[in-house]
Amino acid sequence: MLDKKGKWNSMFNFCISPILEKHLSIQRQLADLEKLADLNEGEFTLAVSQNRSSHFRYLHSSSVKPCPLCPEEKFKACYGHKLHRHLQNLHWKISVEFEGYRMCICHLPCRIAKPNFVADQTFSKMGAHYHCIICSATITRRTDMIGHINRHVNKGETESRFITAPAPKSSCEVLKEADTDVQVLPNYFTPQKTDSYFNPKMKLNRQLIFCALAVLAEERKPIECLDAFGATGIMGLQWAKHLRSSVKVTINDCNENSVTMIQENCHLNKMKVKVNTKKEDNYEGIGDGEENADTIEVTKMDANVIMHLRSFDFIHLDPFGTSVNYLDSAFRNVRNLGIVSLTSTDISSLYAKAQHVALRHYGCNIVRTEYYKELAARTVIAAVARSAARCNKGIEVLLAVALEHFVLVVVRVLRGPSPADDSVKKIRYLIHCQWCEERIFQKEGNMVEENPYQQLPCDCHGSMPGRTAVVLGPLWSGALFNTGFLRRMLFEAVQYGLDEVQPLLKTVVCEAECTTSKNFSIHSPSDENKQEECGVYIKTPDMLAESDVVPGKRKNNEMMRNATKRQKTDNSAEHPAFYYNIHRHSIKGMNMPKLNKFLNYLSEAGYRVSRTHFDPMGVRTNAPLAQFKTVLMKHSTPTYAGGQTEGPLHLTEDVQVGDQLSVSSTLEWAGCHLPDQVARGSV
């Protein structure tokens, strides 16, 4: 009933104010819901006084029963079989389940719907709703109720104030990776639904970063490293647990729940924790007598703030999406010859699925090509080089990996305006032919080319109408790998037993040297001669003490000149830019040779060749596309029966003229000699 002010009387206040017992609509089984209608007269009256309004009255007829979740005006009392169907099909079928309980839909006057004004009279409609088992909220829609419960679970609020039974066990799950245990919340693999994001598919990425840090730890000890986006703290814990005294680990996150989770994970792995925020510095230890006395510093700051306030030797950036917003801060205080690694997960923009986003974030114009993954890596490196140059620093690319879920770039920082200028000069535009997919970087200089198509090795512009090429970029045109650094990363992966990352590193080393896997061999970094051959630069402790502690001195300048000379020497033997997909350039009606055999054929022709991690069927070579197709055509065999095993393609009589023209144009691009009758379009 309504009073004069249009509000419900106090007899229904039990549904609005918090109570100690659960609501009638929250039950474990359907039978428990049916028992509410099967109570005797005394028990039913007691239940009504506690959980129902006074308009329910007990029916003395044992065969007619009312619905415990519907008012009498909505559902009249009926026989047991009809009531069973009503409870099952209406209340139980569309309920929301949580921790063994069902939150059934309730039609009682617990929630007042919006009033309707008709002829100066107010009518309030009783709307259907759900009662939250955790809090006192009433939700009208089922999808909203599911989202409401999920938000409670993500925040760790799983203890209900309505259930007098013991609270359910903690919903945190413990995962183990590389001998490191971490607690994660439900939905840990969905960053939008949890505060502590953990992606098991990024294990390969974490192992690559660990190997890079291990190589740097061999050059200088100890080093200060920062995990700017800690989440669960799995990466920083692996650094501290395996490298121990060689590193001083700082794990940062701006989310308070993530910082709490990181501290718990540190205690779980028997690590001491130093909590550092903007306003306070305090320590939390694991107690005396523990064997592991390593200390991890946990900070709660914005990533840009902590990188502006402090200097580090190693910085890793792994935000959700693009990392361009943090590059300026990362290069502001990073130490000389330090390393900055960044993981970009905005795959839709980098892989040319959202080209407008790539233009907005990276200032780069890209299209979908056969080498789109390497294009993404060069786009990220170009943004890194520009950010470093604004801080008067240059970069030396140590590793660039683009896989299905991420793009990883690892660069070494070279302080000074000269290295910065050299890095900026390597940012160029790319000319890409849309017909044959040939590509080449524009020449250096500011003079406008009269005919930019002349720079392309192909002649598609002369034989095809209209504009046949597009300009992409600006992109990084320098090397993507440092062979010596990669070999040392592989050595560290073998030393620490990281089996999953070793095949990838072997492929990348072969790609950096532009050789096949047959010529691959592992050298120990302890051999100085082999280090010099690989271009590895390791500083002695004396050099570290003089260069890092007293920057700007003569010793530091000599080291910078040596690093620049080494970089210029490596440029002469750079691996070829980009790669070709063997399936993309295959001839219709011809069987291609095996990929490894095709690599040998190109190598016998006098070209540098290797496989690439960007594409399992990609071939990185310095051969022009026309010569690439010529070798591919030469060693391909016809698919039809009775054909020759080797030699040029011979067309049969059932080939149509249109197919002949397409095949002839393809063969012309491959540089093959065509018979006159094929060129004229006749059999």
Side-chain angles (χ1 to χ4, degrees), residues 147 149-158 170-178 180-210 213 225-241 249-269 271 273 275 296-307 315-326 330 341-350 357 361 380 401 403-409 500:
I149 292 295
N150 289 338
R151 283 191 291 271
H152 280 301
V153 173
N154 295 336
K155 295 179 181 179
E157 302 172 356
T158 57
S170 176
S171 59
C172 293
E173 181 181 356
V174 179
L175 303 179
K176 188 172 185 178
E177 180 182 301
T180 305
D181 299 327
V182 288
Q183 290 183 354
V184 294
L185 294 175
N187 294 328
Y188 58 86
F189 46 82
T190 308
Q192 297 92 339
K193 296 182 179 181
T194 183
D195 293 330
S196 58
Y197 178 55
F198 178 80
N199 189 359
K201 296 181 180 179
M202 299 292 285
K203 180 179 179 180
L204 191 64
N205 176 63
R206 287 187 284 269
Q207 291 183 355
L208 286 171
I209 297 168
F210 174 82
L213 179 60
C225 50
L226 169 67
D227 183 9
F229 300 89
T232 59
I234 176 66
M235 190 174 298
L237 287 170
Q238 292 177 357
W239 297 349
K241 198 165 187 177
V249 180
T250 301
I251 306 177
N252 176 74
D253 203 290
C254 61
N255 188 281
E256 185 175 358
N257 295 331
S258 296
V259 172
T260 304
M261 183 67 67
I262 293 172
Q263 297 177 27
E264 295 178 356
N265 290 332
C266 290
H267 295 307
L268 184 63
N269 291 272
M271 297 281 184
V273 182
V275 181
I296 295 179
E297 183 178 0
V298 180
T299 60
K300 180 181 176 296
M301 299 183 191
D302 186 84
N304 287 320
V305 174
I306 188 173
M307 288 186 292
I315 297 176
H316 176 63
L317 303 176
D318 187 9
F320 178 68
T322 181
S323 56
V324 294
N325 300 327
Y326 308 94
S341 65
L342 60 145
T343 302
S344 300
T345 55
D346 51 337
I347 300 302
S348 60
S349 60
L350 288 175
V357 181
H361 288 170
V380 176
V401 174
L403 297 179
E404 182 181 0
H405 304 287
F406 64 91
V407 176
L408 173 64
V409 173
E500 298 182 5

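- For D181 (side chain) and K176 (main-chain N/O), no donor-acceptor pair under 3.5 Å exists by modelled atom type.
- We find the NE2-CG distance between H316 and D318 to be 4.0 Å, quoted to the nearest 0.5 Å.
- For the pair D227 (side chain) and G233 (backbone), a donor-acceptor distance under 3.5 Å is absent.
- Across Q238 and T180, no two heavy atoms sit closer than the pair CG-OG1, 3.5 Å.
- A distance of 14.0 Å separates CE in M271 from CD1 in I262, rounded to the nearest 0.5 Å.
- Once rounded to the nearest 0.5 Å, the distance linking CG of N269 with CD1 of I234 reads 7.5 Å.
- Between I209 and W239, the closest side-chain pair of non-hydrogen atoms falls below 4.5 Å.
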CA sep, side-chain torsions, deciding dist, call: D253, I251, side chain to side chain contact (heavy atoms under 4.5 Å, CB included): CA-CA 7 Å; D253 203 290; I251 306 177; over 6 Å; no
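- Checking side-chain atoms of T260 against main-chain N and O of E256 turns up a donor-acceptor pair under 3.5 Å.
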Side chain to side chain contact (heavy atoms under 4.5 Å, CB included) evaluation trace for T322 with S349: CA-CA 9 Å; T322 181; S349 60; over 6 Å; no
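- Summarising the geometry of I347 relative to H405, their closest heavy-atom pair is CG1-O, 3.6 Å, with the distance given to 0.1 Å.
- Shown here for L226 and M307, the closest heavy-atom pair between the two residues is CD2-CG, 3.7 Å.
- Between I315 and A330 the shortest heavy-atom distance is CD1-O, 3.6 Å.
- In terms of heavy-atom proximity, V174 sits nearest to Q183 at CG2-CG, 3.9 Å.
- Annotation: the span from L268 atom CG to L237 atom CG amounts to 9.0 Å, rounded to 0.5 Å.
- Annotation: side chain of V273 is not in contact with side chain of I296 (no heavy-atom distance under 4.5 Å).
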Worked verdict on T232 versus L175 for side chain to side chain contact (heavy atoms under 4.5 Å, CB included): CA-CA 11 Å; T232 59; L175 303 179; over 6 Å; no
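- For the salt bridge (Lys or Arg N to Asp or Glu O under 4.0 Å) with E177, the qualifying choice from K201, R206, K203 is R206, the only one to do so.
- In this structure the side chain of S344 reaches within 4.5 angstrom of the side chain of L350, judged on heavy atoms.
- Atom-to-atom distance recorded for N325:CG and H361:NE2 is 7.0 Å, nearest 0.5 angstrom.
- Once rounded to the nearest 0.5 Å, the distance linking CG of L403 with CG of L208 reads 8.0 Å.
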Test log, rule side chain to side chain contact (heavy atoms under 4.5 Å, CB included), inputs I306 and T250: CA-CA 10 Å; I306 188 173; T250 301; 4.2 Å; yes
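- Checking side-chain atoms of N255 against main-chain N and O of S258 turns up a donor-acceptor pair under 3.5 Å.
- At least one side-chain heavy atom of C225 sits less than 4.5 Å from a side-chain heavy atom of L213.
- Between the side chain of D302 and the backbone N or O of N304 there is at least one donor-acceptor pair closer than 3.5 Å.
- Between A231 and Y197 the shortest heavy-atom distance is CB-O, 3.3 Å.
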